[in-house]
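Below is one structure, written out as structure tokens, with a few remarks after it.
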Amino acid sequence: MDIFGAAFFALLTIGTIGAGVGVVLANRITTSALLMAFTFLNVAGMFVLLGAETVAMFQVLIYVGAITVLILYGVMFTPQSPRPYGLFFQTQKYWAALFVVPIAIFVAVVAFEFRDSAAAGGSGGDLVPLATSIFGDFAFPFEVASVLLLAAMVGAIVLVKRDEE
Amino acid sequence: MAVPLGAFIAVSAVLFFIGTAGVLVRRNAVVILMSVELMLNATNLALVAFSRRFASIDERGSVFVVFIFVVAAAEVAVGLAIILSAYRNRPTVDVDEIRQMKG
Amino acid sequence: MPVGPFGIDPTIWAPLRLVIAVLLGVALVFNGALAQIYLERKIQAIIQDRLGPIHTGPWGLLQTFADAIKLLGKEDIRARLTDKWFFLAAPSIVFSPMLASYVVIPFAPDIVGADLSVGLLYLTTLGSMTVLGIVIAGWASNNKYSLIGGLRSAGQLISYEVPQILSLVTVVLVVGTLSMVGIAESQPGWQMNFLILPLAFVTYFIAGLAETNRNPFDLPEAESELVAGFLTEYSGMRWAIFFLAEYGEVTVVSAIVTTLWFGAWHGPFVEVFPLLGVLWFTLKTYFFVLVFMWIRATLPRLRIDQLMSLCWKVLIPLTLANLTITAVLLLAFPTTVVPVAIANWILLALFVLALPYFQRRRLVALRERLRTAAA
Amino acid sequence: MIQNVWVIPALPLAAFLINGLFGRRWLHRWTGIIASAAVGLSALLAIGVFFEVQGGGHESTTVTLYEWIGVGDFHVSVAALVDPLSSVMLLVVTVVSFLIFVYSNAYMEHDHGFYRFFTWLSLFVFAMLILVMADNYLLMFVGWEGVGLCSYLLIGFWFERPEPYVAAKKAFVMNRIGDWGYTIGMITTFLVFGSMQFTEVFEHVDIATEANLTLICLAFFLGATGKSAQLPLHSWLPDAMEGPTPVSALIHAATMVTAGVYLVARSMPLFEAAGPSLAVVGAVGAVTAIFAATIALVQFDIKRVMAYSTVSQLGYMFLALGVGAPVAAIFHLATHAFFKALLFLGSGSVIHGLGGEQDMRKMGGLRRKLPVTYWTMLLAGGALAALPPLAGFWSKDEIVAAAFLGGYPVLWAIGILTAVLTAFYVTRAMWLTFHGEPRDHHLYDHAHESPAVMTLPLIALAVGTAVLGIAIGFPPEAGFIHRFLGPVFEHEGAAEHAVEAATIITLAAVSVAAGVLGILVGLSMYVRHRPDPAAVSRAAGPFYRLLVNKYFVDELYDRRIVDALRAAFGAMWAFDIHIIDGLANRLGWLAAVGGSGLRRAQTGIVGNYALTIVAGLLVILVAYGGYAAGIFTR
């Protein structure tokens, strides 16, 4: 079982990283949108690997089911004439490199140095503890989150509503 | 399933930086939005990894992930709304060309 | 050697069970689809007082095989400007989640692919993935009608997901567990959940109709509307896969209905011959498939805005009310389910009676508006 | 009666409000009657209060109306101190004002500002009464400012012509300089004694050091000189003659100018404790007296002569205070109020009769034309020249005697010399206006006696000047007024120098002789022209011109002080413009520059903003890294 898990993890890592890079470098936006969906699936796979099925299900339900579709809506409403490869970078790409690279190095060092090799898999399913904590200790933040969602929804609708001439 | 925690953290770090690079580099607003989603996902991964690793002590770690879902969904909705309204006012989604808010 | 079910060693039984589940799933899907197509056409014909397919084989039994061979034989056309990879990937993205959902469905007392503790959640998640497939199909065929059809059906699917999940949650509230096997076992003999939560069943059934793009809500691929919605560019086997997916989805929905509301594999003598459960299960599921077909043949198609308003203005408030009432009553009377049942039946009665009343009021208002407009 | 002593100032205040609000459109002539009636009533009440205080054993009572300011330990209340001193002042102010009000009803009859005149006049009386009755320095200061304001308004009454409002401004500025001194005195009293109430301050006089006391007294004295037109700040009074004559009579003869004397008299305990200050008061008083008297010799405008004579008489009062005879000062104040008011009103009726002509050179021989005015003014002139039976003699003689007995022979000599000069310019003025041949026949023909409303007050005042001296001051040092005012000033052992009658009589004889000498010299010069006045003035030459130009005091002020101030203000203006405004503009410029600098950061490109966020992240990480690696914590 152990090799199976490691192999599965390797597969998922390749999938996530590959798709992630694809999202950023894809020439056409629809491709990057779908690659993003694929990354989400891989991350969901990792969650399952970690034993957190509920979170994996939520991840798929929310990210793949709703957010990707929403972004696809966004993609379809905006022009995506495929640009020649080099042109779609922002003017500040060199500056970006200047800043992102050192941070990446720093964080990578910290991340990869993280020796804790104990198995990350959990014991039983995480449905019960998650449910108890959300509706127990974090009930109030949960309500606030729902208000936030409502506000965002109303805001988005108002922002985009075309005032009937 | 004995995959070390370090591996998960490494993957999430790499994913996070791909997202950041995407935000800083890509010219199309929608792609920036996607890269932000990637970054959020990376954090989710790290959170769940830690919460599962220390589940014996306090298994409530992954609650925060739920809240990140909520925020991500709200963020995409509002982000897209903004992009669309910006698009309606000037027919471009290109971040470099949207300069009306210039000081 | 520990004795598993049917005297087989559990360590071997786990993978074996998975294999059996997959086989049963595949059998149900493919044979089911063929049978369903044939049945659909026959039933629709009978209802419309005509004969239906009779020339191909006795009583037209081989008609679906003929269709299948025709479709297989068709030339595999793909328009040049379509988005190549997505055009090809779309059917599989729609089909595979449907197939994957058979893993969790409990066919018999101990025959189930994988007893996930989050079984029901798994099903809803897969349900929401088909949306992505449809949107990609609509987009990839690079034609206005399919794009709009795709977006419309995505809108429909996503909005109907909400009442669907809410009604499922009501059942989970009563039963207490998300795992399908647990739900199945919680309804011994005649203690069907249908008697406790009829309204949840009705709302889920309506949402199920919408989820599978079936009759009253089959706007996306309705012939009279946007050509064939997101299916316009598809032909041949790809088109067939979409249809297989649809029929498969119908079976999944009816399977869920049977497990959650009509005591899955419970029936006479199940304790004696566990395998008998499969028989009862299939009978019940196919009963609902027939109901799907019956509805398809009778009800007229809903316009997109009526469809949306039905979902947001009627179903969601209803399911929310149902959920809250059941939760409150369960909290109030933790031991018995009787008050919940009573409340549910009353709500169902109200819903059934209210519909015609509102219809008439809207008609009057409509006539009024017309008269004033005309005057 | 004492308890509602507040009714006395309330009446003129009511008159002021009624006249002020309704005077222009409805009341017109009625304003005069309302104002006179109000002041008349308060005069009656003042008389009542005077007798009650006199009867009630002369002790002082405080009537508090309400607590005006209560901040921390600084408590000032609107309260009246009714004691012999303030009741005498009340009496003098109200009676004289009443007579002048009646007089001005006729004098101002043809003036279109009639209602305005009476509004300000009643406000003036109200302020003067507040000043007199106040039981603490702050409330007194309110009155002090009030009278200053009214004198400004009334001097500049005929503001159509430029001279009045220039004179008014001059008067006001000079008073303000004096008030500045008063304020310093008031504040220091509070700082030193912790209270402003007279009773409290005078009880704890010993706790103050010598230096503080002198500072307080000199500051108050500066205020007094400003208000009572003593030497350094005297030049505003002669110019104040631009105002209508009743105003000069009331404000610049009887009441306001005496405020300074009242202030010093009231604060005698402070002055006595602050050794040298009394000497200063006396010296200034004497010098002013002789100085003003000399100028009066050569004045031709009848009102200017009276003005300088007032200044010199005030000098006398301060001389009396200086030598430690406050009772004499107040006595002289009272008598002077009566006969000086009479002199002014008399000259007013002369001017009225001659249709506004004030220059004595154009008058002459008016004795037959204005008999009542002539006789009343003759009586007042006699009093001013200190002829024995009249009031002036008793009060001035006491001052001179007190100066001699108090051990100030020099001041006594100055006093006697001023008495001679006073007698001389009185006879000169009387002669030029009433006797001899009329120099301007046209004027002489039109001259007519003033109507009864004007002559009656003249007669009343004449009776006052004749009777008052004997009535309240007959046995010198032991008259009614000494017994009445004595206790207010005498407390712990003021030296009761036992004086035999002989020295008093000789002193009195000497002062009478001085007066008679002055008159004889005057008569011989003007009647028999033995040394003809014109010839004398030519002979005096430069000395004469000096006197005529009032020792060039105004020019001195103008050139030295005003120009110096103008230069200083120029410098301040420059400082303000360049430094302070400069500073403000510089700040504005800084903000603008800073703003434009920052504006460049707002490129409008979303990408840049994201980049700055990441840069921030970098900084944090570096800081964290450094901290973790122990770079910062050595």
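In what follows, every chain begins at residue 1, and chains take the letters A, B, ... in the order their sequences are listed.
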Are more than 12 heavy atoms from other residues, nucleotides or ligands located less than 6.0 Å from atom NZ of C/Lys144?
no
Checking C/Leu157 against chain A: side chain, backbone, both or neither under 4.5 Å from a heavy atom?
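For C/Leu157, neither part sits under 4.5 Å from chain A.
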Structural part of C/Ile136 lying under 4.5 Å from a heavy atom of chain A:
side chain
Which of [range] have a heavy atom under 4.5 Å from any heavy atom of chain C?
{"range": "residues 11-22 of chain A", "answer": "none"}
{"range": "residues 130-141 of chain A", "answer": "none"}
{"range": "residues 58-69 of chain A", "answer": "A/Phe58, A/Val60, A/Leu61, A/Val64, A/Gly65, A/Thr68, A/Val69"}

State, to 0.1 Å, how close [X] and [Y] come at their nearest heavy-atom pair, and which atoms those are.
{"X": "A/Leu34", "Y": "C/Phe86", "value": "CD1-CE2, 2.6 Å"}
{"X": "A/Glu53", "Y": "C/Val118", "value": "CB-CG2, 4.0 Å"}
{"X": "A/Tyr73", "Y": "C/Leu151", "value": "OH-O, 2.8 Å"}

Among residues 325-332 of chain C, which residues come closer than 4.5 Å to chain A, judged by heavy atom distances?
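Interface residues of residues 325-332 of chain C: none, nothing closer than 4.5 Å to chain A.
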How long is the span from the CE atom in A/Met57 to the CG atom in C/Leu126, to the nearest 0.5 Å?
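Separation between the atoms: 7.0 Å.
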Portion of A/Ala33 that has a non-hydrogen atom of chain C nearer than 4.5 angstrom:
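When you check distances to chain C, no heavy atom of A/Ala33 falls under 4.5 Å.
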